[in-house]
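First comes the structure, then the notes that go with it.
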Amino acid sequence: MTHKILILPGDGIGPEIVAEAAKVLECLRQEHGLDATLDYGLLGGCAVDTLGSPYPDETRRQARAADAILLGAVGGPKWERMDRPLRPERGLLAIRADLELFANLRPALLYPQLADASALKPERVAGLDLLIVRELNGDIYFGQPRGIRTLESGEREGFNTMRYRESEIERIARVGFEAARKRHRKLCSVDKANVLEASELWREVVERVAKDYPDVALSHLYVDNAAMQLVRAPKQFDVMVTGNLFGDILSDCAAMLTGSIGMLPSASLDANGKGLYEPIHGSAPDIAGRGAANPLATILSAAMLLRYTLNAPELAERIELAVGRVLDQGLRTLDIMAAGMTPVGTQAMGDAVVASL
Ligand code: NAD
């Protein structure tokens with residue numbers, strides 16, 4: 001079956017970095033048996049400029065028809081003061097909601113060659129390879145009731161509601177177990193079951209789902225301990241699964257362990273494995289148009305797309321090994337360069353990955 005990949009370059013450095021990932025996919029198509037078509041669409045500020053909406057109907061049609069989507073990044077100062085519905089970030093939220101992307105996968109992988117970029121001691125993080133699976137559509141971010149009310153005393157009170165239904169916990173737990181099966185078969189579920197009823201249910205449901213995955217070793221951590229362990233000994237983890245709020249915080253913490261925002265990919269998946277793949281960084285307006293951006297996070301997002309949606313782990317690994325070899329050769333963009341090195345540009349980095357494939 002020919003897979004349909006939709007590419008949404010977006011704004012700022014988006015078009016520059018996506019062009020390099022597209023080169024990589026094109027090379028896999030021509031030389032390594034990838035059976036896919038590449039189509040292009042508009043999302044974010046560029047879509048506002050051209051079609052008057054950050055997630056236009058045409059893009060919605062393309063996104064629904066695609067098997068997988070590769071996104072650069074959206075946003076920038078040009079659109080910051082527009083009415084809220086016209087802001088580029090609204091396009092991102094709209095496409096995630098429209099496609100019911102409920103599972104966010106954020107790997108934190110530190111290539112040994114870049115161990116010095118981390119704020120932690122190199123021996124703590126060299127070779128780090130963990131995956132955080134975060135639930136994206138539920139929890140306190142969406143729970144009702146919520147608001148700010150005035151009490152009888154006249155004092156104001158802000159309130160939110162943490163909620164998780166069994167079905168929501170079960171489907172994200174399954175994503176966690178399945179991901180662990182594709183890696184080192186260790187899953188750590190993170191909650192706050194000692195204090196929160198929503199977490200108590202979370203733990204109970206995760207235990208129940210675990211019976212279907214006897215080949216995966218399951219452990220549990222309270223979120224405060226998980227944060228501490230991430231900084232103390234992050235290499236103990238393979239896959240972590242957690243709710244929206246805890247995952248938001250822990251995944252940023254894990255990203256910083258690697259030291260470079262320009263290296264980290266991510267995926268947001270629906271119940272059938274369809275996904276939106278994007279680097280974790282934004283549109284970097286400060287360096288846009290200069291050919292200085294690191295395209296590796298986007299290229300590694302394409303690798304995730306191959307692994308998780310197209311079920312082609314051997315092609316994904318081919319890309320990841322190629323990136324490793326390029327780093328071995330000493331090639332560095334500005335953001336991952338150590339003192340005394342000469343940086344390469346976006347295109348040169350993409351070309352080197354293609355050559356290494
Ligand atoms: P940012 O991630 O764009 O940039 C933060 C810093 O990291 C900047 O100094 C930038 O130059 C650098 N950087 C980011 N990606 C890089 C890369 N690939 N190579 C080299 N350096 C890189 O975050 P920001 O500055 O807070 O946001 C800029 C715009 O991006 C805003 O409009 C924001 O809303 C948007 N944004 C979009 C997304 C997304 O599309 N998913 C995510 C975050 C921010």
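For this chain, numbers begin at 1 and follow the sequence in order. Computed from a predicted structure; not experimentally measured. In listed order, ligands and their atoms are each counted from 1.
- The protein atom (non-hydrogen) at minimum distance from atom 34 (O) of ligand 1 is Glu89 OE2, 2.5 Å.
- Contact between Leu296 and Met263 at its shortest, heavy atoms only, is CD1-SD, 3.7 Å.
- In terms of heavy atoms, Pro54 sits closest to Ala47 at O-CB, 3.9 Å.
- Remark: the Asn137 side chain and the Glu100 side chain contain no N/O donor-acceptor pair separated by less than 3.5 Å.
- Note: no N/O pair closer than 3.5 Å links Ile280 and ligand 1 by distance alone.
- Closest heavy-atom contact between Ala322 and Val353: CB-O, 3.9 Å.
- Heavy atoms of Ala297 come nearer than 4.0 angstrom to ligand 1 in no pair at all.
- With respect to atom 1 (P) of ligand 1, the closest heavy atom belonging to the protein is Gly282 N, 3.5 Å.
- For Gly76, a nitrogen or oxygen atom sits less than 3.5 Å from a nitrogen or oxygen atom of ligand 1, counting backbone and side chain alike.
- For ligand 1, none of its N or O atoms has an N or O atom of Ala73 under 3.5 Å away.
- Scanning the protein heavy atoms around atom 9 (O) of ligand 1, the nearest turns out to be Asp286 OD2, 2.9 Å.
- Between Glu80 and ligand 1, not a single N/O pair is under 3.5 Å apart.
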